[in-house]
Undergrad: 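Let me begin by handing over the structure; questions about it come next.
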Amino acid sequence: MAITNNVTELIFTGLFQDPEVQRVCFVLFLPVYLATVLGNGLIVVTVSVSKSLRSPMYFFLSSLSLVEICYSSTVVPKFITDLLAKMKTITLKGCLAQIFFFHFLGVAEILLLVVMAYDRYVAICKPLHYMNIMSRPLCHLLVAGSWMGGFLHSIIQMLMTVQLPFCGPNVIDHYFCDLQPLFKLACTDTFVEGIVVMANSGLISVVSLLILVTSYIIILVHLRKHSAEGRRKALSTCASHITVVVLFFGPATFLYMRPSSTYTEDKLVAVFYTVITPMLNPIIYTLRNAEVKNAMRKLWGKKN
């Protein structure tokens, strides 16, 4: 049976209703987004041109920064421009496209974080075989696999969503398109779709988190055999990655591993992982990594 959609345009309620507060948010979030693009873009360029950053760790860092730029750009530009608009609208097709790329890039980032944890495991636990194991072809394969995993995840989500009929209302209680808020607008029961989406997203998140935790437990156990200086150097290379994992999984777990709601707190948490976290990642990695900082200085002609 053909699907009839009376709804072709959707309206966002936005983050806040007060126009003054929205203008303040515009002034705050526009520089944050620009910093996200510039900061992550600088890492991509630095790793690409610097001969001192040829190890797999920096290749994965560059890939993560590229994903961060794309991930943030699926939501933030539209969100920022809507802060100055009286009516915050998006077409149904545009909404579906935003959901597709948001989940595609979000899962690609999760899988890249798992790949980076594996890289640290090999570097610390099998240092003599590191370059043989983490060969250039394998690194490219792992990054491609991360993107493919995100693509397959998002395709599964979209195959269910595009079949839903939307005949009104057309107001989304959010500042961007996501599956659960959109399901509430469907003029049919979406209980099964909601369960499948939750299982799909939840399975990827839980399995990835278990792999991450397990890898770092193995690393910590292995470090007991090292000297104090060896432990310090090894942990310093892991600290940035662990911080990024916590910043990414913390808010996402809060939102996706429990029943959805319409609380403003949920939107504020979403702001954290769509707007703030992508900006923090390049800061976290560069502040704790002397090699990256030195490479950036050389890139800008500021040699020590």
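The structure displayed is predicted, hence computed values, not measured ones.
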Undergrad: For the residue pair T91 and L10, establish whether any side-chain heavy-atom pair is separated by less than 4.5 Å.
TA: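 Contact flag for T91/L10 side chains = no.
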Undergrad: Under the salt bridge (Lys or Arg N to Asp or Glu O under 4.0 Å) rule, collect the residues that match up with R23, sequence neighbours excluded.
TA: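 For R23 the salt bridge (Lys or Arg N to Asp or Glu O under 4.0 Å) partners, ignoring immediate neighbours, are E20.
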Undergrad: Just wondering, do L164 and L182 contact through their side chains at under 4.5 Å, heavy atoms?
TA: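 They are not in side-chain contact.
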Undergrad: If we ignore hydrogens and angles and just use 3.5 Å, is the side chain of S146 paired with the main-chain N or O of L142 as donor and acceptor?
TA: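 Judged by distance alone, yes, a pair lies under 3.5 Å.
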Undergrad: Is the shortest heavy-atom distance from the side chain of M57 to the side chain of L61 under 4.5 Å?
TA: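 The answer is no, as the side chains (C-beta and beyond) never meet within the 4.5 Å cut-off.
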Undergrad: Same cluster for L38 and I283 if Ile/Leu/Val/Met/Phe/Trp/Tyr side chains link at under 4.5 Å?
TA: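 Each belongs to a different hydrophobic cluster.
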Undergrad: Tell me whether the rings of F100 and F151 are parallel (<30°), tilted (30 to 60°) or perpendicular (>60°).
TA: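 Ring orientation, 0 to 90° scale: perpendicular.
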Undergrad: Under 3.5 Å, is there a donor on one side chain and an acceptor on the other for Q98 and K93?
TA: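 Side chains of Q98 and K93: no pair found under 3.5 Å.
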Undergrad: Would you kindly confirm whether I156 and F104 end up in one hydrophobic cluster when ILVMFWY residues are joined by side chain heavy atoms under 4.5 Å apart?
TA: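 No, separate clusters.
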Undergrad: So which heavy atom on I124 is nearest to which on C238, and how close?
TA: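 Closest approach of I124 to C238: CD1-SG, 3.5 Å.
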Undergrad: Would you say the side chains of T274 and Y71 form a donor-acceptor pair under 3.5 Å?
TA: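 Not at all, the side chains of T274 and Y71 share no donor-acceptor pair under 3.5 Å.
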Undergrad: Check whether NZ of the Lys or CZ of the Arg R136 lies under 6.0 Å from the centre of the six-membered ring of F59 and within 45 degrees of that ring's axis.
TA: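 Yes.
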Undergrad: Please answer whether the main-chain N or O of V196 pairs with a side-chain N or O of N200 as donor and acceptor at a distance below 3.5 Å.
TA: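 Checked: no pair found.
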Undergrad: Please check this pair: side chain of Y175 against backbone of A270, looking for a donor-acceptor N/O pair closer than 3.5 Å.
TA: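 Yes: the side chain of Y175 pairs with the backbone of A270.
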Undergrad: Apply the test side chain to side chain contact (heavy atoms under 4.5 Å, CB included) to residues T161 and F183: give CA-CA distance (whole Å), side-chain angles for both, the deciding distance (0.1 Å), then the verdict.
TA: CA-CA 8 Å; T161 307; F183 283 172; 3.8 Å; yes
Undergrad: Are Y121 and H222 close enough, and set up right, to give a side-chain hydrogen bond (donor to acceptor under 3.5 Å, both in side chains), and what steps lead you there?
TA: CA-CA 10 Å; Y121 160 75; H222 185 81; over 6 Å; no
Undergrad: Can you confirm whether M158 sits close enough to L96 that some side-chain heavy atom of one is under 4.5 Å from a side-chain heavy atom of the other?
TA: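 M158 vs L96: side chains touch.
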Undergrad: Is there a path of hydrophobic side-chain contacts, each under 4.5 Å between heavy atoms, that joins L159 and L92?
TA: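 Shared cluster, yes.
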Undergrad: Check each of F29, F16, F102 against F79 using the ring-ring contact (aromatic ring centres under 6.0 Å, His included) test, and report the only one that passes.
TA: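 When F29, F16, F102 are each tested with F79, the ring-ring contact (aromatic ring centres under 6.0 Å, His included) holds only for F29.
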Undergrad: Are V76 and V21 connected into the same hydrophobic cluster when the rule is that any two of I, L, V, M, F, W, Y join if their side-chain heavy atoms are below 4.5 Å apart?
TA: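 Same hydrophobic cluster.
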Undergrad: Checking side chain to side chain contact (heavy atoms under 4.5 Å, CB included) for the pair T13/H174: CA distance, chi angles, key distance, verdict?
TA: CA-CA 6 Å; T13 59; H174 217 309; 5.6 Å; no
Undergrad: Mind checking salt bridge (Lys or Arg N to Asp or Glu O under 4.0 Å) for K78 and listing every partner two or more places apart, or none if nothing turns up?
TA: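 Checked K78 against salt bridge (Lys or Arg N to Asp or Glu O under 4.0 Å); matches are D82.
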Undergrad: Answer whether the closest heavy-atom distance between the side chains of K298 and S50 falls below 4.5 Å.
TA: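 K298 vs S50: side chains apart.
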Undergrad: Return the OG1 to CD distance between T188 and Q163, rounded to the nearest 0.5 Å.
TA: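 So the OG1 of T188 and the CD of Q163 are separated by 11.0 Å.
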Undergrad: Indicate whether any N or O donor in one side chain lies under 3.5 Å from an N or O acceptor in the other, for H241 and Y216.
TA: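 Per modelled atom types, H241 and Y216 side chains form a pair under 3.5 Å.
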Undergrad: Report whether I217 and V207 are members of the same hydrophobic cluster (ILVMFWY, side-chain heavy atoms less than 4.5 Å apart, transitive linking).
TA: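 Linked within one cluster.
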Undergrad: Shortest non-hydrogen contact from V275 to T36?
TA: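 So the two residues come closest at O-OG1, 4.0 Å.
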Undergrad: What do the steps show when you test N40 against L66 for side chain to side chain contact (heavy atoms under 4.5 Å, CB included), and what is the final call?
TA: CA-CA 7 Å; N40 285 288; L66 179 61; over 6 Å; no
Undergrad: Could you work out, with side chain to side chain contact (heavy atoms under 4.5 Å, CB included) as the rule, every residue matching L30, not counting sequence neighbours?
TA: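 Counting only residues at least two positions away or on another chain, L30 forms a side chain to side chain contact (heavy atoms under 4.5 Å, CB included) with F26, L34, I80.
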Undergrad: Do T286 side-chain atoms and P282 backbone N/O form a donor-acceptor pair below 3.5 Å?
TA: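 Yes; judged by distance alone, with no hydrogens or angles, the pair exists.
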Undergrad: Could you tell me if the side chain of Q157 sits less than 4.5 Å from the side chain of L179, heavy atoms only?
TA: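 Counting from C-beta outward, L179 and Q157 do come under 4.5 Å.
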Undergrad: Is the number of heavy atoms from other residues, nucleotides or ligands under 6.0 Å of K126 NZ greater than 12?
TA: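 No.
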Undergrad: Is it true that a side-chain atom of N170 and a backbone atom of E9 form a donor plus acceptor pair closer than 3.5 Å?
TA: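 Yes, N170 side chain to E9 backbone: donor-acceptor pair under 3.5 Å.
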Undergrad: Is a side-chain N or O of S62 found less than 3.5 angstrom from the main chain of Y58, in a donor-acceptor match?
TA: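 It does not hold such a pair.
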Undergrad: Would you check if S205 and I110 make a side-chain contact, meaning some heavy-atom pair closer than 4.5 Å?
TA: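 They are in contact (side-chain heavy atoms under 4.5 Å apart), so the answer is yes.
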Undergrad: So, for G41 and I69, which heavy atoms are closest and what is the spacing to 0.1 Å?
TA: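 Heavy atoms of G41 and I69 come nearest at N-CD1, 3.5 Å.
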Undergrad: Where is the tightest heavy-atom contact between V114 and S208, given as atom of each residue plus distance?
TA: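 Closest approach of V114 to S208, heavy atoms only: CG2-CB, 3.7 Å.
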Undergrad: So do the side chains of P181 and F176 get within less than 4.5 Å of each other, counting heavy atoms only?
TA: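 P181 does not reach F176 side chain to side chain.
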Undergrad: Step by step, would you call F12 with C177 a side chain to side chain contact (heavy atoms under 4.5 Å, CB included)?
TA: CA-CA 8 Å; F12 294 126; C177 283; 3.7 Å; yes
Undergrad: Go through D173 and K184 one step at a time and tell me if the salt bridge (Lys or Arg N to Asp or Glu O under 4.0 Å) criterion holds.
TA: CA-CA 9 Å; D173 187 21; K184 294 179 181 179; over 6 Å; no
Undergrad: When you measure from the side chain of D119 to the backbone N and O of F60, does any donor-acceptor pair fall under 3.5 Å?
TA: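 Not confirmed, D119 side chain does not pair with F60 backbone.
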Undergrad: Is the count of non-hydrogen atoms from other residues, nucleotides or ligands lying under 6.0 Å from F101 atom CZ greater than 12?
TA: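 Counting neighbours around CZ of F101, 12 or fewer heavy atoms of other residues, nucleotides or ligands fall under 6.0 Å, so no.
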Undergrad: Look at atom CZ of F272 and say whether more than 12 heavy atoms of other residues, nucleotides or ligands are closer to it than 6.0 Å.
TA: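 Yes, enclosed.
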